[in-house]
Amino acid sequence: HMVKIRHTGLVTKDLNRSLLFWNKYLGFKIFKDAKESGNLIDKIMLYKKVKVRTIKLKDKSGGLIEILYFKNSPRIKRNVIKPYSNGITHISVTINNIYKLYDFLKKKKVIFNSKPQISEDGNVIMTYCKSPEGAFLELVEEIK
């Protein structure tokens with residue numbers, strides 16, 4: 001039986017851009033940085049001679065994001081994720097001062113679906129942006 005969600009993994013083609021986004025722009029702290037290869041990782045990744053760098057980043061409450069950078073993965077077509085796609089489409093983070101972060105990220109060329117919006121129930125202000133890995137990131141500020 002499940003105890004808790006351990007982390008969310010995001011595969012990137014541009015490690016520097018991902019670290020800039022998650023670490024510098026959003027304030028996640030690097031928790032663990034490892035290079036992985038060998039029989040176990042080959043089995044779970046479904047190809048031979050895997051070489052992957054994994055960087056776990058932690059938020060202030062202990063939530064983890066894992067960025068995976070494959071040095072030699074097989075080529076695949078880029079999968080385009082839409083907010084309404086089947087499967088996992090987004091990660092949601094609670095933030096302070098959504099308007100300030102929105103303006104900052106827009107200046108850094110981060111793509112947003114819309115300006116921050118107040119939810120129908122009036123409890124939060126939220127918006128979606130694209131992470132460097134192609135997933136959506138939901139930014140939510142709770143209205144007190």
> Rounded at 0.5 Å granularity, tell me how far CG in L15 sits from CD in E133.
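Output value for this atom pair is 9.5 Å.
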
> When you compare the side chain of P83 with that of T89, does any pair of heavy atoms fall below 4.5 Å?
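When only atoms from C-beta onward are counted, P83 and T89 do not touch, as no gap falls below 4.5 Å.
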
> Less than 4.5 Å apart, side chain to side chain, heavy atoms only: is that true for L26 and L57?
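Side-chain contact under 4.5 Å: no.
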
> Should E36 and V50 count as side-chain neighbours, where that means a heavy-atom distance under 4.5 Å?
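With C-beta onward as the side chain, the pair stays apart.
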
> Indicate if I98 and V110 have the same hydrophobic cluster label, given that clusters are the connected sets of ILVMFWY residues with side-chain heavy-atom separations under 4.5 angstrom.
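In one cluster with I98: V110, yes.
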
> Assess whether atom CD1 of I88 is packed by more than 12 heavy atoms of other residues, nucleotides or ligands within 6.0 Å.
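Atom CD1 in I88 is not packed in, count stays at 12 or less.
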
> Check the orientation of F136 and Y128. Use parallel for under 30°, tilted for 30 to 60°, and perpendicular for over 60°.
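The arrangement is tilted - the two ring planes meet at 30° to 60°.
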
> Can you check whether L19 reaches I55 side chain to side chain, under 4.5 Å on heavy atoms?
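Counting from C-beta outward, L19 and I55 do come under 4.5 Å.
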
> Could you give the distance from NZ (K130) to CD1 (I81), rounded to the nearest 0.5 Å?
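K130 NZ to I81 CD1: 6.0 Å, rounded to 0.5 Å.
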
> Does a side-chain heavy-atom distance below 4.5 Å link L139 with L105?
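Yes. Closest side-chain heavy atoms under 4.5 Å.
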
> So if you build clusters from Ile, Leu, Val, Met, Phe, Trp, Tyr with side-chain heavy-atom gaps below 4.5 Å, do V11 and F21 land together?
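In one cluster: no.
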
> Just wondering, do E141 and Y102 contact through their side chains at under 4.5 Å, heavy atoms?
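With C-beta onward as the side chain, the pair stays apart.
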
> Rounded to the nearest 0.5 Å, how far apart are CD1 of I30 and NZ of K58?
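I30 CD1 to K58 NZ: 13.0 Å, rounded to 0.5 Å.
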
> Atom OH of residue position Y25 - does it have more than 12 heavy atoms of other residues, nucleotides or ligands inside 6.0 Å?
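More than 12 within 6.0 Å, yes.
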
> Evaluate whether atom CG of N86 has more than 12 neighbouring non-hydrogen atoms of other residues, nucleotides or ligands under 6.0 angstrom away.
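Open: at most 12 neighbouring heavy atoms sit under 6.0 Å from CG of N86.
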
> Counting N and O atoms only, with roles assigned by atom type, does the side chain of S131 sit under 3.5 Å from a partner on the main chain of L137, one being a donor and the other an acceptor?
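Here the side-chain-to-backbone pair does not exist.
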
> Grab the two heavy atoms, one from M45 and one from L68, that are nearest each other, plus how far apart they are.
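Result for this residue pair: CE-CD2, 4.3 Å.
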
> Could you tell me which non-hydrogen atom of S92 sits nearest to which non-hydrogen atom of V140, and how far apart they are?
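Looking at all heavy atoms of both residues, the shortest contact is OG-CG2, 3.6 Å.
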
> Please name the pair of heavy atoms, one in T12 and one in S18, separated by the smallest distance, quoted to 0.1 Å.
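Heavy atoms of T12 and S18 come nearest at OG1-OG, 2.7 Å.
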
> Transitively linked via ILVMFWY side-chain contacts under 4.5 Å: Y99 with I111?
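No, separate clusters.
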
> In terms of relative ring orientation, are Y47 and F70 parallel, tilted or perpendicular, with 30° and 60° separating the classes?
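Correct class here is tilted.
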
> Please answer: with hydrophobic residues joined when any side-chain heavy atoms are less than 4.5 Å apart, are I91 and Y69 in the same cluster?
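Yes, I91 and Y69 fall within the same hydrophobic cluster.
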
> Of all heavy-atom pairs between I143 and G122, which one has the smallest distance, and what is that distance?
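Result for this residue pair: CD1-O, 3.4 Å.
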
> Side chains of residues 60-67: which donor-acceptor pairs under 3.5 Å do they make with residues two or more places apart or in other chains?
unit_1 : atom_1 : unit_2 : atom_2 : d
S61    : OG     : D59    : OD1    : 3.0
E66    : OE1    : H7     : NE2    : 3.0
E66    : OE2    : K56    : NZ     : 3.2

> Working to the nearest 0.5 Å, report the span between CD of E142 and CE of M126.
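It is 12.5 Å, given to the nearest 0.5 Å.
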
> Check D33 against R53 and note the closest heavy-atom contact, atom names and distance.
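Scanning both residues, the minimum pair turns out to be OD2-NH2, 2.6 Å.
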
> Are the side chains of V93 and F28 in touch, meaning some heavy atoms are under 4.5 Å apart?
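Side chain of V93 against side chain of F28, heavy atoms only: contact under 4.5 Å found.
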
> Rounded to the nearest 0.5 Å, how far apart are NZ of K115 and CG of D103?
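Result: 9.5 Å between the selected atoms.
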
> To the nearest 0.5 Å, what is the distance between NZ on K35 and CD1 on I41?
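Between atom NZ of K35 and atom CD1 of I41 there are 14.5 Å.
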
> Flag the pair N97 / I95 as yes when at least one side-chain heavy-atom distance between them is below 4.5 Å, and no otherwise.
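No. Closest side-chain heavy atoms not under 4.5 Å.
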
> Do W22 and F112 share a hydrophobic cluster, counting only Ile, Leu, Val, Met, Phe, Trp and Tyr and linking them when any side-chain heavy atoms are less than 4.5 Å apart?
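Yes, one cluster joins them.
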
> Quick one: closest heavy-atom pair of S85 and V80, and the distance?
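Looking at all heavy atoms of both residues, the shortest contact is OG-O, 4.2 Å.
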
